[in-house]
Amino acid sequence: MRFRLDVRPLDLDLTLGCGQVFRWRRRNDGSWRGVLSDQVVTIRNDPGGCLVEATPGRRGAKPLVHDFFRATDDVRRIQRRLGRDPVLAGGVAQFKGLRIVKMDEWECLVSYMLATYANIPRITKMVDALAVGFGDRISDGLHSFPTIEELGRASLADLQRCGLGYRAKYVHEACRAIERTGIAELGRLPYEELREELTKLPGVGDKVADCVSLFGFGKTESFPIDVWIERALGRLYHQKGSYRKLRAFASERFGEYAGYAQEYLYFNERVRAADAACAFSRR
DNA sequence: GCCCAGGAGTGTG
DNA sequence: CACACTCATGGG
């Protein structure tokens, strides 16, 4: 199936390329390929909006891709509002096509549990290993992300063989916990209650709970604070202190779309660091 | 070889 | 509440 994706603005490299999702690959021709549910989806930039190709699946590819890119977000309006903050204005202008994505809740939960104390290439590798090991094969080397039941069948040793290290037991226990409560039930909770429930899971602290709330459950008011954001808040807003304190500041300052503000700050900080490293090695 | 990673859990002051 | 230490590994 092929169709044109009318979601704008959308910059694939920004949105899929750095740290939000871990299972999308940029191909040599600049297109991106990933798996949504049970479908392999390929997206390429095109003057009239992105072109999408998808393998057949249970659900139509169109609503799948639409939901994934949060097509109903009025990103321009969000950017106008956040851009009134002079500190944020630069990032908003620089990252116009950056969108928050809506991942599958379960895949998001597991992915960010794996993200603790690991860098992005490694997170990618771990998530891929789980898909290959326990997901369903779709086509040439591409697998769906394992369901709760599929991953639940993996033993602790199985998970450790995927290179999860100490995270294996967290994932293993999370399967049991979510099999009990159900992921859909969590989705009905408002943000504050959701993050509280998520934090009860082993291996899920404040930061992971906020990432999962934002990228998995679509709570745009969530503001995950990692080392990069902590740095940015200190440098740009002179805010320091506990997670609770920084979170309160972000909520007050950025409101219901704090998640978008977080992405602009995150990317800005990473680009900055890359530039600094670059300038240093060029010397 | 060395350093550190989109942190979390646990224990201590 | 603030800090320290550990956790298991691999990518740069």
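We name chains A, B, ... by the order of the sequence lines, and we start the count at 1 in each one.
Rounded to whole Å, the distance from NZ on A:Lys207 to P on B:dG9 is 13 Å. One atom, CD of A:Glu230, and another, C1' of B:dA5, lie 15 Å apart when rounded to the nearest Å. We find that CE of A:Met103 is positioned 16 Å from P of B:dG6, with the value rounded to whole Å. Separating the CG atom of A:Leu109 from the P atom of B:dA8 is a distance of 12 Å, rounded to the nearest angstrom. Atom C1' of nucleotide B:dA8 and atom CZ of A:Arg244 are separated by 17 Å, given to the nearest angstrom. A:Asn268 has its CG atom 17 Å from the P atom of B:dG6, to the nearest Å. Rounding to whole angstrom units, CD1 of residue A:Ile123 and P of B:dC4 are separated by 18 Å. With rounding to whole Å, A:Leu246 atom CG is found 15 Å from B:dG7 atom C1'.
Atom CD of A:Glu196 sits in a sparse spot, with 12 or fewer heavy atoms from other residues, nucleotides or ligands closer than 6.0 Å. Under a cut-off of 6.0 angstrom, the local environment of CZ in A:Arg235 is crowded, with over 12 non-hydrogen atoms contributed by other residues, nucleotides or ligands. Residue A:Asp29 qualifies as enclosed at atom CG: its count of foreign heavy atoms under 6.0 Å is above 12. When the shell of 6.0 Å around CD of A:Glu252 is examined, it contains 12 or fewer heavy atoms from other residues, nucleotides or ligands. In this structure, A:Arg27 places its CZ atom where more than 12 heavy-atom neighbours from other residues, nucleotides or ligands lie under 6.0 Å away.
The residues A:Asp6 and A:Arg8 are annotated as salt-bridged, a charged nitrogen and a carboxylate oxygen being separated by less than 4.0 angstrom. Using a 4.0 Å cut-off between charged nitrogen and carboxylate oxygen, A:Glu256 and A:Arg77 do not count as a salt-bridge pair. In summary, A:Asp104 and A:Arg23 do not engage in a salt bridge, as defined by a charged side-chain N under 4.0 Å from a carboxylate O. A salt bridge does not link A:Arg176 with A:Glu173: every distance from a Lys NZ or Arg NE/NH1/NH2 to an Asp or Glu carboxylate oxygen is 4.0 Å or more. Under 4.0 Å is where a charged nitrogen must lie from a carboxylate oxygen, and between A:Asp158 and A:Arg161 at least one such pair does.
Rounded to whole Å, the P atom of C:dT6 lies 22 Å from the corresponding atom of B:dG6. Here, B:dC4 and C:dC5 have their P atoms 16 Å apart, quoted to the whole Å. C:dG10 sits 22 Å from B:dG9 when the C1' atoms are compared, rounded to a whole Å. As rounded to the nearest Å, C:dA8 and B:dG11 have P atoms that lie 16 Å from one another.
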Between the protein and nucleotides 11-13 of chain B, list every N/O to N/O distance that falls short of 3.5 Å.
none

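Counting only N and O atoms by type, the side chains of A:Arg33 and A:Thr42 include a donor and acceptor under 3.5 Å apart. For the 3.5 Å distance criterion, the side chains of A:Asp210 and A:Ser222 qualify, holding a donor opposite an acceptor.
Where A:Val204 and A:Ala118 meet DNA chain B, the nucleotide closest to each residue was compared, and A:Ala118 sits on the side nearer the 5' end.
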>> Walk along nucleotides 7-12 of chain C from 5' to 3' and tag each nucleotide B, S or - by protein heavy-atom contact under 4.0 Å, base first, then sugar-phosphate.
In response: BBBSSS

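Within residues 212-229 of chain A, no residue approaches DNA chain C, by heavy-atom distance under 4.0 Å.
Note on A:Tyr170: only backbone sugar-phosphate atoms sit closer than 4.0 angstrom, heavy atoms only; bases stay farther off. Counting non-hydrogen atoms under 4.0 angstrom, A:Glu263 reaches a base of the nucleic acid.
Residue A:Arg270 has its side chain nearest to B:dG6 when only B:dG7, B:dG6, C:dC1 are considered.
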